[in-house]
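A quick write-up on the structure given underneath.
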2 protein chains.
Amino acid sequence: MYTSRISKQTIKRLAIYYRCLEKLHKEGIRTVSSHQIGEELGLKASQVRKDLSYFGGFGKRGVGYEIRTLASRISKILGMTRSWKTCIVGFGNLGRALLHFPGIRDKGFNIVGVFDKDKKKVGSAADDLLRVEDVASIPMAIRERGIEIGVIATPAEDAQSVVDLLIKYGVKGIVSFAPTKLSVPERISVEEIDISVALSSVAFGIIRMERDGD
Amino acid sequence: MYTSRISKQTIKRLAIYYRCLEKLHKEGIRTVSSHQIGEELGLKASQVRKDLSYFGGFGKRGVGYEIRTLASRISKILGMTRSWKTCIVGFGNLGRALLHFPGIRDKGFNIVGVFDKDKKKVGSAADDLLRVEDVASIPMAIRERGIEIGVIATPAEDAQSVVDLLIKYGVKGIVSFAPTKLSVPERISVEEIDISVALSSVAFGIIRMERDGD
DNA sequence: GAGTGTGAACTATTTCACAGCT
DNA sequence: AGCTGTGAAATAGTTCACACTC
């Protein structure tokens, strides 16, 4: 039940298991086996069991996992039951898309601030509830609203300074879409999503397939 | 120099090395060591050398890597010198953001089609050059324009059927932002970008840090 | 009989360490 | 002297296989 040395990959799969369980639950199913989950997600049953076993025995031998219980345990582990005060920095096309992205707002990530450095955007409505604020008001916003997670949707060249600022005022986690390597202290939880790297990886895959034919 | 068994992680780092080299090149630097690249990107020098060695000896012992040469070799390996006919399916906020995302268009990914199933969007201008087309015209578009890569920005529930359609008509690579596991044949190159999983992973990291204190 | 939980075996990836070039 | 290229060692992650429970 010690979670210290659990790999990031296991955690990500846990989030995916959760989504899978939600789906099965909607279909009215009450119980699943590791084999069924694996089938659904393209994973080996043993991988599923191993991942789940890190957090304790959720299943019943001979039966499988009770979906409601397992989903609620996972949501607890991943902090989905808690509301995470989140902000978005950079309100270009991507920032706007993230503000409305399903699976951010509704998975416990409560977006309480949207910031941009462009004075023309500042003051305009980000959505029904939020206005775009100046990046200069980030420190105060973090302090007053208790923002814990920052989502970076700025150009690459602004990302590091924004991240430094967020961390300086107390943000503990960063999800960055900026195509640049961020440098942050050990204690900060970071996830970098690199869209153009993903494209390149797919392109390479096609080249390899064409050359080696599988 | 055989590229068959090279891991996806190595390929992704290669794309990141390329970006790093571009940056150093702009700064007027001509030569780097694996140690400098590693420093810049938070990687061990030996990792950098190992990755590069899979594709042959690019470096000079005692000197390092000539930036221009290495960058051009990497861009060749990753297919950046080739133009990839790409389409975006799903023109909501995310699809719109991807259409304008720097590092898609300018890294050899030429977006030649934007599709949506919403009749209200179909026919409207996606950008200066493209109109939104109906998903029903995907087959013809793939055939006529030789589309090779599809970017999925639809809701989760539509993603699998769109992917099936794209593959059926000849698309060879998929980058999906839909929060669902896709099932595709072996020969198809796929990259799934899961935004809400990234958020959950960051949230878990914060919880772990608070509990275990590093 | 069916299916979990888990040590042990296996496989993949990273890091070390050093011979060999410039 | 400095730095690459690369086998070998170390580490991490996955899969197997089976004892154990329902």
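First the proteins, then the strands, lettered A, B, ... as listed; each starts at 1. Quick note: numbers below take in every heavy atom, side chains included, and nothing from hydrogens, waters or symmetry partners.
Applying the 4.0 Å criterion to OP1 and OP2 of dG5(C), one finds that Y65(A) has a side-chain N or O inside that range. In this model, the phosphate group of dT14(D) is approached by a side-chain N or O of R13(A) to a distance below 4.0 Å at OP1 or OP2. Within the structure, every side-chain polar atom (N or O) of Q47(A) is placed at least 4.0 Å from both OP1 and OP2 of dG13(D). At dG3(C), none of the side-chain N or O atoms of S34(A) fall inside 4.0 Å of OP1 or OP2 (strictly under the cut-off). Considering only side-chain N and O atoms, Q9(B) lies under 4.0 angstrom from the phosphate OP1 or OP2 of dT14(C). Of the side-chain N and O atoms in S46(B), none sit less than 4.0 angstrom from OP1 or OP2 of dT14(C).
One atom, NZ of K50(B), and another, C1' of dA9(D), lie 11 Å apart when rounded to the nearest Å. If you measure from atom CD1 of I6(B) to atom C1' of dA12(C), you get 14 Å, rounded to the nearest angstrom. The separation between I11(B) atom CD1 and dT13(C) atom C1' is 14 Å, rounded to whole Å. Atom OH of Y54(A) and atom C1' of dA12(D) are 10 Å apart (whole Å). In this structure, the CZ atom of R49(B) is 10 Å from the C1' atom of dC16(C), given to the nearest Å. Rounded to whole Å, the distance from CG on D51(A) to P on dA12(D) is 17 Å. Computed from coordinates, the L52(A) CG to dT6(C) C1' distance equals 13 Å when rounded to whole Å. Distance, R5(A) CZ to dG13(D) C1': 14 Å, rounded to whole Å.
Between H35(B) and K8(A), the residue whose closest nucleotide on DNA chain D is further toward the 5' end is H35(B). Ranked by how close their nearest DNA chain C nucleotide is to the 5' end, S33(A) and L43(B) are led by S33(A). Residues V63(A) and K44(A) each lie close to DNA chain D; by heavy-atom proximity, the contact nearer the 5' end of the strand is made by K44(A).
For CZ of R145(B), the number of neighbouring non-hydrogen atoms (other residues, nucleotides, ligands) closer than 6.0 Å is greater than 12.
Here the OG-CG distance, from S83(B) to N110(B), works out to 4.5 Å after rounding to the nearest 0.5 Å.
Screening R19(A), K12(A), K107(A) for a salt bridge (charged side-chain N to carboxylate O under 4.0 Å, His left out) involving D194(B) leaves a single residue, R19(A).
Salt bridge K26(A)/E157(B): absent, no basic N to carboxylate O contact under 4.0 Å.
Residue-level contact check: S7(B) touches the backbone only, with heavy atoms under 4.0 Å from sugar-phosphate atoms and none from bases.
For E191(B) (side chain) and L199(A) (main-chain N/O), no donor-acceptor pair under 3.5 Å exists by modelled atom type.
Distances were taken from every side-chain heavy atom of R61(B) (C-beta onward) to each of dC22(D), dA19(C), dG5(C); the shortest belongs to dA19(C).
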